[in-house]
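Taking it in order: structure first as structure tokens, then the write-up.
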Amino acid sequence: MCGFAGIYRKEPVKDWEKENINEMSKSIHYRGPDDSKLVLDDRIALAFRRLSIIDLEKGSQPFTLFDGKIIGIFNGEIYNYRILRDELIAKGESFTTNSEIEVMLKLFYLEGPSFINRLRGMFAFAFYNKEKEMLMLGRDPFGIKPLYLHESENGLVFASETKPFFFDNDFAGFCVDKTLLQHYFTYQYVPEPKTLGGIDLLPAGHYAIYDVKAQKPLTVERYYDPMFNPNREMSFEDKAALVRKTLEESVKAHMISDVDVGTFLSSGIDSTIITALASKLNPGIKAFTVAFGVKEYSEIDDATAISKHLDVEHIKLIGTCDDFKNAFEKVVWHLDSPVADPSTVAIYLICREAARHLKVVLSGEGADELFGGYKVYGEQLYSGKIYSLPGFIKSFLAWLARILPENVRGKHLLERGTTPLEKRYVGNAFIFNEQEKKPFLKTFDPDVHFSSLTAPVYQAAKQAGLSPMLQMQYVDMHTWIRGDILTKGDRLSMAHSLEVRVPFLDREVFRVASMLTDDDKLSHKTTKYILRYAFRDLVDEATFMRPKLGYPVPVRAWLKNELYDWAKDIIENSTATDYIVTSEALKMLDEHRDGTRDNYRKLWTILVFITWYRLFVTDAEGSKKKILDGTF
């Protein structure tokens with residue numbers, strides 16, 4: 001795992017731009033502390049930070065081939081690179097290293113952009129063909145690895161994070177897009193390819209071509225779409241056997257490394273399966289769990305029982321409220337664009353602990369989106385029945401839902417059941433609806449609606465004939481998993497020079513998961529049933545049926561007591577007063593403390609935005625200075 005930054009100009013790179021690329025590299029030093037290297041070649045400047053995992057001695061980058069005609073940088077892991085390497089050797093190609101980058105560059109030279117379809121792994125890369133004056137950028141099918149870019153009239157700047165753009169002279173500085181900010185307060189992040197600050201992401205499953213010789217602008221092409229295609233002919237038993245076989249193969253591939261590999265272990269089935277399979281390949285593997293000392297939010301006891309059952313080395317981190325507060329600003333900094341998921345702080349702390357022991361960790365992210373693990377998927381079965389009622393009955397139930405108090409059981413079910421799916425489901429998180437934003441958001445625009453971002457996704461899902469549940473999964477694959485799950489996984493692990501691998505998010509695993517019907521996933525009063533069934537011999541019955549918690553943190557409780565003054569101070573000293581009505585934010589905080597309303601998720605989105613705005617906008621010069629001083 002690594003980090004990179006690059007400048008590609010229509011005219012030769014200037015001397016002052018060489019200094020810029022060094023500063024860009026320094027801004028992401030933590031992504032690759034083992035080695036750094038810079039290549040300058042006429043129109044292109046490439047900087048690379050390496051975390052050595054494969055071919056420790058010879059795998060340094062940027063990598064050049066054919067007397068400098070091909071230059072490239074790559075972040076990630078290609079799990080089938082040895083197979084691809086053997087194929088090339090059989091065709092007469094020779095290699096000087098055992099690295100992935102050399103295999104990829106040869107494929108790029110021999111096959112052109114289509115080679116990206118042959119890669120199995122997580123990746124972001126920038127490859128340059130000097131003879132053709134053509135740059136190719138690529139990103140893995142699910143968006144596990146990031147690739148940001150900014151095009152100007154002078155050329156293109158690209159990087160693994162947004163921090164390098166502080167030092168891009170063609171970038172006017174981070175700012176706030178008012179429409180995207182309004183969407184942020186629904187999604188708790190800004191769905192890609194946009195970011196709140198003005199930098200774009202290359203979308204997951206896409207590649208881009210920048211052809212200067214042909215005088216063409218940057219063109220972006222999709223090469224992969226995670227579309228579900230349920231198979232109703234294959235038996236449940238055959239599907240379960242295929243799920244087992246494919247995931248076992250994926251974990252084995254994800255264990256390829258020249259350094260030690262560990263796992264994250266919660267109390268749930270996903271991380272338990274990954275840890276169980278990994279421990280068969282590496283007995284006694286280290287497994288890491290985090291909790292915060294508040295029993296109802298802790299997975300420690302259950303994770304400890306699982307670790308004993310699997311006979312792995314269990315490393316437990318018990319965090320405190322002070323640990324949480326002290327990490328908060330660093331978490332916001334490393335996330336690039338605001339992500340208001342309270343679990344981010346827990347992930348940051350457990351990644352820091354894991355990095356003290358090893359360089360690579362396997363994680364269970366992706367299982368819920370592929371195998372139907374979220375409770376909201378099951379709730380659609382009931383809300384869908386309400387939505388199928390005659391119109392006059394739905395109108396009455398919608399009116400009833402509006403007048404019922406917040407704490408009345410069934411209110412939210414009625415709201416969901418009387419609202420079209422595409423008008424209420426935008427991914428696994430939903431924080432504010434449009435009307436709720438109006439009192440506190442100064443830039444509120446009544447003509448903006450959160451559903452505009454997911455409309456094309458729903459259109460594609462409906463054209464494919466997907467069921468409502470599969471539509472929800474498809475939306476999550478395009479919003480939630482990219483903007484929340486994978487963003488926090490990459491940024492917060494790399495903040496500590498730790499590589500996190502996700503065996504569930506593999507093209508072959510998705511191919512099998514895409515074949516499953518709703519009944520394969522929702523059955524026996526649980527979610528992800530076929531996944532639980534396929535691996536039922538690995539764990540006890542309690543673990544087999546245990547519902548998902550997902551890095552639980554006691555923020556809801558702390559905001560009433562331990563974090564109240566801390567949150568109040570952030571709101572009162574906000575520099576984002578052009579956007580947030582301070583009195584309304586404080587009112588939400590007091591309502592939460594008094595128990596009038598449960599506002600903790602809403603408050604968290606405001607606290608994260610205020611902090612991000614200070615770090616990236618109002619105190620941008622201070623942040624740049626900290627980068628260059630090495631104090632951030």
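Below, all heavy atoms of this structure are taken into account, side chains as well, without hydrogens, waters or symmetry copies. Since this is a predicted model, take the numbers as computed values, not measurements.
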(message) For Arg501 and Glu365: C-alpha separation, side-chain torsions, deciding distance, then whether salt bridge (charged side-chain N to carboxylate O under 4.0 Å, His left out) applies.
(response) CA-CA 9 Å; Arg501 300 179 179 180; Glu365 272 80 9; over 6 Å; no
(request) Give the intermediate values and the outcome of ring pair (Phe, Tyr, Trp, His ring centres under 6.0 Å) for residues Trp558 and Tyr600. (result) CA-CA 9 Å; Trp558 283 346; Tyr600 99 95; over 10 Å; no
(request) Take Lys359 and Asp260 through the test salt bridge (charged side-chain N to carboxylate O under 4.0 Å, His left out) and record every step on the way to the result. (result) CA-CA 7 Å; Lys359 284 186 173 183; Asp260 290 339; over 6 Å; no
(request) For the pair Arg31 and Asp490, evaluate side chain to side chain contact (heavy atoms under 4.5 Å, CB included) and give the outcome as yes or no after the intermediate values. (result) CA-CA 10 Å; Arg31 290 188 75 97; Asp490 173 82; 3.0 Å; yes
(request) Test the Lys163-Trp333 pair against the cation-pi criterion, namely NZ or CZ under 6.0 angstrom from the six-membered ring centroid and within 45° of the ring axis. (result) yes
(request) Would you please classify the geometry between the Phe48 ring and the Phe4 ring as parallel, tilted or perpendicular, with 30° and 60° separating the classes? (result) parallel
(message) Set out, in order, the CA-CA distance, both residues' side-chain angles and the distance that settles salt bridge (charged side-chain N to carboxylate O under 4.0 Å, His left out) for Lys252 and Glu249, then state yes or no.
(response) CA-CA 5 Å; Lys252 183 177 180 180; Glu249 291 172 350; over 6 Å; no
(message) Can you confirm if the aromatic rings of Phe142 and Tyr224 lie within a centre distance of less than 6.0 Å?
(response) yes
(request) Using atom types as modelled and distance alone, determine if a side-chain donor or acceptor of Arg49 lies under 3.5 Å from a backbone N or O of Cys2. (result) no
(request) Apply side chain to side chain donor-acceptor pair (under 3.5 Å) to the pair His314 and Thr289, showing each step before the final yes or no. (result) CA-CA 8 Å; His314 193 205; Thr289 305; 2.7 Å; yes
(message) Donor-acceptor pair, distance only, cut-off 3.5 Å: does the side chain of Arg222 make one with the backbone of Gly205?
(response) no
(message) If the condition is side chain to side chain contact (heavy atoms under 4.5 Å, CB included), which residues does Lys375 pass it with, not counting sequence neighbours?
(response) Glu379
(message) Please identify which of these residues, Leu531, Ile273, Leu538, Val512, meets the side chain to side chain contact (heavy atoms under 4.5 Å, CB included) condition with Arg244.
(response) Leu538
(message) Go through it in stages, so that I can follow the logic: the residues are Asp140 and Arg507, the test is salt bridge (charged side-chain N to carboxylate O under 4.0 Å, His left out), and I'd like the CA-CA distance, side-chain angles, deciding distance and then a yes or no.
(response) CA-CA 10 Å; Asp140 67 70; Arg507 287 183 73 157; over 6 Å; no
(message) Using ring centroids (six-membered ring only for Trp), state whether Tyr348 and His496 fall under 6.0 Å.
(response) yes
(message) Any carboxylate oxygen within less than 4.0 angstrom of a Lys/Arg side-chain nitrogen, looking at Lys624 and Asp619?
(response) no
(message) Main chain of Thr605, side chain of Tyr184: is a donor-acceptor contact present, judged purely on distance under 3.5 Å?
(response) yes
(request) Using modelled atom types only, decide if a donor and an acceptor are shared between the side chain of Ser25 and the backbone of Asn22 within a distance under 3.5 Å. (result) no
(request) Report yes or no: does Asn75 contribute a side-chain atom to a donor-acceptor pair with the main-chain N or O of Phe123 at less than 3.5 Å? (result) no
(request) Would you please indicate yes or no on a ring centroid separation below 6.0 angstrom for Tyr187 and Trp480? (result) no
(request) Run the salt-bridge test on Lys626 and Asp629 with the 4.0 Å N-O cut-off and return the result as yes or no. (result) no
(request) Without swapping roles, check the side chain of Asn20 against the backbone of Phe167 for a donor-acceptor pair under 3.5 Å. (result) yes
(message) Please check this pair: side chain of Thr320 against backbone of Asp323, looking for a donor-acceptor N/O pair closer than 3.5 Å.
(response) yes
(request) May I ask you to decide if Leu265's main-chain N or O and Thr275's side chain share a donor-acceptor pair within less than 3.5 Å? (result) no
(request) Report the C-alpha separation of Lys488 and Ser343 in whole Å, then their side-chain angles, then the decisive distance to 0.1 Å, and conclude whether the side chain to side chain donor-acceptor pair (under 3.5 Å) test is met. (result) CA-CA 9 Å; Lys488 65 189 182 186; Ser343 71; 2.9 Å; yes
(message) Check for me whether the distance between the ring centres of His150 and Phe158 falls short of 6.0 Å.
(response) no
(request) May I ask you to check whether Tyr79 and His254 place their ring centres under 6.0 Å from each other? (result) yes
(request) For residues Trp604 and Phe185, establish whether the separation of their ring centroids is below 6.0 Å. (result) no
(request) Return yes if a side-chain donor-acceptor contact under 3.5 Å exists between Tyr374 and Glu369, otherwise no. (result) yes
(request) Begin from the C-alpha positions of Asp476 and Tyr377 and carry the test side chain to side chain donor-acceptor pair (under 3.5 Å) through to its verdict. (result) CA-CA 11 Å; Asp476 274 332; Tyr377 296 156; 2.5 Å; yes
(request) Ignoring hydrogens and angles, tell me if any N or O in the side chain of Ser337 forms a donor-acceptor pair with the backbone of Leu196 under 3.5 Å. (result) yes
(request) Could you tell me whether the side chain of Thr195 and the main chain of Ile199 form a donor-acceptor pair under 3.5 Å? (result) yes
(request) For the pair Phe616 and Trp612, name the ring-plane relationship: parallel under 30°, tilted 30 to 60°, perpendicular over 60°. (result) parallel
(message) So that I know where these two stand, are Phe166 and Phe174 an aromatic pair - ring centroids less than 6.0 Å apart?
(response) yes
(request) Hey, can you tell me if Phe127 and Phe115 have their rings parallel, tilted or perpendicular (30° and 60° cut-offs)? (result) parallel
(message) Tell me whether the count of non-hydrogen atoms from other residues, nucleotides or ligands lying under 6.0 Å of NZ in Lys37 goes above 12.
(response) yes
(message) For Phe609 and Tyr613, I'd like to know if the aromatic rings sit close, meaning centre-to-centre distance below 6.0 Å.
(response) yes
(message) Can you confirm whether the side chains of Glu508 and Thr246 place a donor and an acceptor under 3.5 Å from each other?
(response) no
